[in-house]
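Report on the following structure.
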Amino acid sequence: MLDLKFVRANPQVVVDALAKRGNKLSLDSFLQLETERRVILTDAEAKKAQRNSLSKEVGKLKQAGQDAEALMAQVRALGDAIAVLDNRLKEVEDSLNDCLLNIPNIPHESVPVGKDDSANQEIRRFGQPPVFDFEPLNHWDIGEQLDILDFARGVKISGARFTVYKGLGARLERSVVNFFLDLHTQKHGYKEIFPPFMVNSNSMLGTGQLPKFKEDMFHIEGTDYYLIPTAEVPVTNLHGGEILEAEQLPIKYAAYSACFRAEAGAAGRDTRGLIRQHQFNKVELVKFSLPENSYAELESLTNDAEDVLQKLGLPYRAVCLSSGDMGFSSAKTYDLEVWLPGFNNYREISSCSNFEDFQARRANIRFRRSNNAKPEYVHTLNGSGVAVGRTVAAILENYQQADGSVKVPEVLIPYMGCDVIA
RNA sequence: GGAGAGAUGGCCGAGCUGGUCGAAGGUGCAUGACUGGAAAUCAUGUGUAGGGGAAACUCUACCUGGGGUUCGAAUCCCCAUCUCUCCGCCA
């Protein structure tokens, strides 16, 4: 969420920035409400100050054994007036807050302006798409032929967009998770976190999934629990409401979790294969940074995510998302897109974002530069490091061989205990 | 799931027979004095958010969260959450 004072002082900056996202938002009613808020607040606080001092008078009179009835009646009337003001104030503040929670983040100046993904900017490429001397298969065909992915039974026991991994398929999924975690914790300096897969609505509010994107998530009926759509939610909220010390920053966490997404708006898209599932695995990287370092941290975070693809030998490209294609909470996002021969195209496998203080303000995550300094908001960042299911799909498709087997990438052989899936 | 106890400032901890309590005391931290330097000691300061003010400063709110009683609530009542103990159950 944006800073109320900032919006009040720079409404045009906000409107312009949001226009870049294709968001035609008027702040007129918002600013009017904000003016009303301060008028009521000043009035209510003056009356409260009066009530406090008169109540003290009552106390003194009573202690002196004198009659305080007249004064008490006066304060009672004052109290009624305050109640009316407080009620109106709450209404105004609620709607102001509601506005703020629904305003997306302001894109960073380096973000290309455009209405959708057609304006995204390719930053760099790694590797060459493999050339096959046979007709390459989709990963779902490879998986079924090798009997390591069972889509039909996934549908039987759960429904569409659920898949069962079997044998070396299950082992491959687990190997990829372990490889990612080992690399990030041992080589890139992240601390491993294993978070809860369900969180409360307050955490969802903190990272920006709520209130706007309720439909995208699974909610446990009769409770305040949501299945996490990404480990970003529990891990970023780890420090919610805390004041960190500047020397602790940057804090770098790597977390494996299952991720659950309702995919409400994606009916009919990517229905086959592992690309779009209701449940998938992901290793997420999360950083808490000093404001002045967050863009350097975004670059290194993205590089850390790229490293896993490089070590796996998977061709990919890095893309800077345009203002119209970015997520709600993000100020700048790089997507990594892996080459999938079955699609004959690149597909998103990681998304690395700097949220600046947008999430930190919602989740109230702050730090102090020195002992008696005022707390400031940290900058939060996160990125997939990377999506596991799509990695497995990419390995199957890029490493398939003419005889139907799949070579195991060099770095995974120790995890797999074999060098080919046949 | 049943019974009971509890939640106070960075931390510990008093207050909880309602008014002088933003809250004793300790500790931590900061600044200064002392010292060749440090320790110890002494002095002073030290929560957050919001409103007003050029500033000094001042007002309001916050003692887990939400309601209520009252002229007035950290203190009384109700609800929720969490923690601890005992019992039950369970991986």
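Chain A is the first sequence line, chain B the second, and so forth, proteins listed ahead of strands; every chain is numbered from 1. Remember, predicted model here, so these are calculated numbers, not experimental data.
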[atom1] spacing across the pair [N] / [M], given as an integer number of angstrom:
N: B:rG37; M: B:rG32; atom1: P; result: 13 Å
N: B:rG15; M: B:rA74; atom1: C1'; result: 8 Å
N: B:rU58; M: B:rC63; atom1: P; result: 23 Å
N: B:rU46; M: B:rA24; atom1: P; result: 12 Å
N: B:rA14; M: B:rU64; atom1: P; result: 14 Å
N: B:rG66; M: B:rC82; atom1: C1'; result: 15 Å
N: B:rA80; M: B:rG6; atom1: C1'; result: 16 Å
N: B:rC21; M: B:rG72; atom1: C1'; result: 13 Å

Please confirm whether the backbone N or O of A:Ser384 pairs with a side-chain atom of A:Ser350, one donor and one acceptor, at under 3.5 Å?
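Looks like yes, one N/O pair under 3.5 Å.
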Can a donor-acceptor pair be found, under 3.5 Å and without considering hydrogens, that links the side chain of A:Gln400 to the backbone of A:Ile142?
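No, A:Gln400 side chain to A:Ile142 backbone: no donor-acceptor pair under 3.5 Å.
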If you draw a 6.0 Å radius around [atom1] in [X], do more than 12 non-hydrogen atoms from other residues or ligands fall strictly inside?
X: A:Glu292; atom1: CD; answer: yes
X: A:Lys407; atom1: NZ; answer: no
X: A:Gln401; atom1: CD; answer: yes
X: A:Lys212; atom1: NZ; answer: yes

Sort out the partner of [N] for me: Watson-Crick or G-U wobble, both distances under 3.5 Å, none otherwise.
N: B:rG4; result: B:rC84
N: B:rG36; result: none
N: B:rG22; result: none
N: B:rG50; result: B:rC59
N: B:rA30; result: B:rU44
N: B:rG9; result: none
N: B:rC76; result: B:rG68

Electrostatic pair A:Asp16-A:Lys20, nearest N-O below 4.0 angstrom
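No salt bridge links A:Asp16 with A:Lys20.
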Residues A:Asp86, A:Lys48: salt bridge by 4.0 Å N-O rule:
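Judged by the 4.0 Å cut-off on N to carboxylate O distance, A:Asp86 and A:Lys48 do form a salt bridge.
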How does protein reach along nucleotides 44-55 of chain B, written 5' to 3' as B (base within reach of a heavy atom under 4.0 Å), S (only sugar-phosphate), or - (no contact)?
--S-SSBSS---
Kindly give the heavy-atom pair with the smallest separation between A:Gly417 and A:Arg171, and that separation in Å.
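So the two residues come closest at N-NH2, 4.2 Å.
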Closest non-hydrogen atom pair, A:Asn354 against A:Ser294
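Of all heavy-atom pairs spanning A:Asn354 and A:Ser294, the closest is ND2-OG, 2.9 Å.
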Nearest whole angstrom, please: distance from the [atom2] of [N] to the [atom1] of [X].
X: A:Glu245; N: B:rC11; atom1: CD; atom2: P; value: 12 Å
X: A:Phe367; N: B:rG10; atom1: CZ; atom2: C1'; value: 18 Å
X: A:Lys56; N: B:rG18; atom1: NZ; atom2: P; value: 18 Å
X: A:Ile40; N: B:rU60; atom1: CD1; atom2: P; value: 19 Å
X: A:Ile82; N: B:rG72; atom1: CD1; atom2: C1'; value: 11 Å
X: A:Leu85; N: B:rA61; atom1: CG; atom2: C1'; value: 15 Å
X: A:Glu93; N: B:rU60; atom1: CD; atom2: P; value: 17 Å

So what does A:Lys60 hit on the nucleic acid, given a heavy-atom distance under 4.0 Å: a base, only sugar-phosphate, or nothing?
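Touches nothing.
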Under 3.5 Å, N/O pairs linking protein and nucleotides 77-80 of chain B:
none

Taking for each residue the nucleotide of RNA chain B bearing the nearest heavy atom, is the 5' side occupied by A:Ser55 or by A:Ala73?
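Looking at RNA chain B, the more 5' nearest nucleotide goes with A:Ser55.
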If you pin A:Gly79 and A:Ala49 to their nearest nucleotides in RNA chain B, which one's is more 5'?
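Taking each residue's closest nucleotide, the earlier one in sequence belongs to A:Ala49.
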OP1 or OP2 of B:rA61 sitting under 4.0 Å from any side-chain N/O of A:Asn52?
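The answer is yes; a side-chain N or O of A:Asn52 sits under 4.0 Å from OP1 or OP2.
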What pairs of nitrogen or oxygen atoms, one from the protein and one from nucleotides 66-70 of chain B, lie under 3.5 Å apart?
none

How about A:His219 and A:Tyr225: are their ring centres within less than 6.0 Å of each other?
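No, too far apart.
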Could you check whether A:Phe358 and A:His379 have their ring centres less than 6.0 Å apart?
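Between A:His379 and A:Phe358, the centre distance exceeds or equals 6.0 Å.
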For the residue pair A:His188 and A:Tyr190, does the interplanar ring angle fall in the parallel (under 30°), tilted (30 to 60°) or perpendicular (over 60°) class?
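Ring orientation of A:His188 relative to A:Tyr190: perpendicular.
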Polar contact flag, side-chain donor to acceptor under 3.5 angstrom, A:Asp150-A:Tyr165:
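Checked: A:Asp150/A:Tyr165 side chains show no N/O donor-acceptor pair below 3.5 Å.
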